[in-house]
Each structure stands twice: as C-alpha cells, then as structure tokens.
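Labels below follow one simple rule: chain letters A, B, ... track the order of the sequence lines, proteins then strands, and each chain is numbered from 1. Computed over heavy atoms, backbone and side chain alike; hydrogens, waters and symmetry mates excluded.
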2 protein chains.
Amino acid sequence: MTDLLGRLPGYALRRAANAVMGELGDILGDRGFRITEAAVLLLVQDRSDLTSSQIGKTLDIQRANMVPLLNRLEAAGWIRRKPLDGKSLAIVLTAEGAAKVTELASVIEVYEQGLLQRVPEEHRDHLLPALNAIWR
Amino acid sequence: MTDLLGRLPGYALRRAANAVMGELGDILGDRGFRITEAAVLLLVQDRSDLTSSQIGKTLDIQRANMVPLLNRLEAAGWIRRKPLDGKSLAIVLTAEGAAKVTELASVIEVYEQGLLQRVPEEHRDHLLPALNAIWR
DNA sequence: TATTGTTATACTCTATAACTATA
DNA sequence: TATAGTTATAGAGTATAACAATA
C-alpha cells in the first residue's frame, strides 16, 4: 500500500488546494488583498446589484463573516454600501475600487494561466469540469 | 464576464476542496477522527518507522503541531511513541490502532469512490493526475 | 552545528447565537 | 413571520519563536 495518500483524490484535492491558496494568498497579500476579498470584488465587478447576503450565499461565506470583510473593503475605499430599501444594501464598487479590481483580475488571470500550465496537456482541459462537478 | 469565478481553476479547486473536506470531516468526525489525524494514521499504517518530524514533512504539518495531534492519538490508544535513539521517536500503531485504521481506510475508500462517481466519466481519470501535477 | 521533540502563543478563518429593524 | 445586517464570541487549524536534549 505504498503511496496510499497519493492515490486518494480527496487528499490530492486538499494538498493541491492548499498549495494554490498559499501561492495565491502570497501574491494577493503583496497587493493588500485576502483571497476571499478578491473573490468578493470580482463578483461585485460582475454584478452591482448584489446584497451582502446574496454575495455570502454565492461564495459560501456566512452572513456574519461578510460584515468585517466588507468593512475592510469599504474602509479601503473600494466598495460602498448603497441602500436598496430600508433593510437591504447593495454592494457596489467605487471608482477606485473598479480600478483596483481590474488590476486584481489581471494578476489572478496570469496566475491561473500559470497554474494550468503545470498540468500535463492531456489532463489540462479536464481539470475545471471535473472540479466543478464535485461541488456545484 | 458572467460566471467568472466558475471559470477560474483556482477558485474551483478551493470550492471543491472545501466541499470534500466538509463531507469527509463529517464522516470521520462521526467516528472520532479529524481529517489530519486520519492522514497520519494511514501513513503510519503504511510505514512503522517514521518519526513525528518525518510525518510532518510528508503531510505538510508543522513539527510543533504534530505534538498535540499525536498526543490525542496516543491518549486514544491508537499509536505509541517508540524510541529509536535518545532523540527520535518512531510512531507505531497499537493493535487497537491497527484495527481502527482498517475501519478508517474502508470508510475513506467508500467515500473516495463516491466522490469519483460525481465526476463525469470522460473527466474522471484525469482528476488525480491533474491534481497531483499541481502540488507534487 | 543541525535536528528532534516540545511548550507557549498568536493569528486567520470560519461557525453559532442572539439582537434590531424592516420586508 | 421571515429576512438583512449586525455584534460578539468561540472554535478549528495553522504559524512562529524559543528551549533543552541529543545526533
């Protein structure tokens, strides 16, 4: 039973995700972001009508944990809380935030391309559909 | 740019790993294990001459964090610290631990098979090599 | 001089419960 | 009555620094 762990998809998934999140965390950290913040910003760039709760549901972040996260993004001047009614707030990018996200998307795109290059060509196109089949 | 996150391998990797670790964590938790403990036990089942430091290097666990982990496994009666010389300790399974690991390996095997079944057949065989290429 | 096991500690990330104001 | 935003807090999991003993 040599190399048992290397043959378990679950373990490989964990190690691969840890490696990638570590690398991406360093890259984004150099630019003042955390990974989860980057995900929120990219989502908000896509859609400017989402509330904190909706973002949380989409990204699997607890509503309660969205608060300090958005506070940080707001304090940095990248997002704004825009009232939709007396209860809900839409999260929208500021002009400064939009510029930051453009830079961010570019950095991430470069990293993701490099990531795919690590995967042997015959497996490359299968990675994303396989991963999405697991959690979606 | 709709569904941007769904097209990023890094994000998909994170979500898939979180989903799988959550499920596996529940399954193992019902049996009194944490995921990392299970990994240690499987590795020790494979090789009975490894020290705490070597296990940590193999599984990417800090030496300092191995201590409470092994303490728990030892307190449960599943492993034993066996002196190799005046400095190093080999981690070996007890008889009770060996039985527990056999059960554990079976539970994990069932889960991993089910996990692979979620992946469409045309992508299935590519998952493990693609993941291992990313971190190994 | 480097390594092993260990202790203590800090930090990040995430989960839970409860409260309020509004739909 | 359910939902949104919020507060406070607790728990994992992981990282760092330091130390004694031994290789």
Distance in angstrom units between B/Arg81 CZ and C/dT4 P, rounded:
15 Å
Of B/Ile35 and A/Ser88, whose nearest nucleotide on DNA chain D comes first from the 5' end?
A/Ser88
Does this structure show an ion pair linking A/Lys87 with A/Asp85, if we count only N-O contacts that are shorter than 4.0 Å?
no
Measure from NZ on B/Lys57 to P on C/dA2 and round the result to the nearest Å.
14 Å
Once you apply a heavy-atom cut-off of 4.0 Å, does A/Leu89 come out as touching a base, just sugar-phosphate, or nothing?
sugar-phosphate
Write down the distance between CE (A/Met66) and C1' (C/dA15), rounded to a whole number of angstrom.
16 Å
Closer than 4.0 Å, any side-chain N/O of B/Lys87 to the OP1 or OP2 of C/dT6?
no
Do any side-chain nitrogens or oxygens of A/Ser53 fall under 4.0 Å of OP1 or OP2 in D/dG5?
yes
Rounded distance (Å) that lies between atom P of C/dT14 and atom CE of B/Met21
15 Å
Could you list the protein-to-nucleotides 16-20 of chain D atom pairs, N/O on both sides, closer than 3.5 Å?
none

Length of the CG-C1' vector between B/Asn18 and D/dG13, whole Å:
13 Å
What are the two closest non-hydrogen atoms of B/Arg136 and A/Gly6, and how far apart are they?
NH2-CA, 3.4 Å
Between B/Asn132 and A/Arg7, is a side chain to side chain donor-acceptor pair (under 3.5 Å) present by the stated rule, with each step listed?
CA-CA 9 Å; B/Asn132 283 335; A/Arg7 277 188 271 111; over 6 Å; no
Can you tell me if CZ on B/Arg47 sees more than 12 non-hydrogen neighbours from other groups inside 6.0 Å?
no
Can you confirm whether more than 12 heavy atoms, excluding those of B/Glu121, are under 6.0 Å from its CD atom?
no
When the side chains of residues 93-107 of chain A are checked against the rest of the protein, which donor-acceptor pairs come out under 3.5 Å, sequence neighbours left out?
from     : atom 1 : to      : atom 2 : distance (Å)
A/Thr94  : OG1    : A/Gly77 : O      : 2.5
A/Thr94  : OG1    : A/Trp78 : O      : 3.2
A/Thr94  : OG1    : A/Gly97 : N      : 2.9
A/Thr102 : OG1    : A/Ala98 : O      : 3.0

Between atom CG in B/Asp85 and atom P in C/dT3, what is the gap in whole Å?
15 Å
Taking CD from A/Glu37 and P from C/dC13, how many angstroms apart are they, rounded to a whole number?
8 Å
Nearest whole angstrom, please: distance from the P of D/dA12 to the CG of B/Leu28.
16 Å
A/Arg81, CZ atom: more than 12 neighbouring heavy atoms under 6.0 Å:
yes
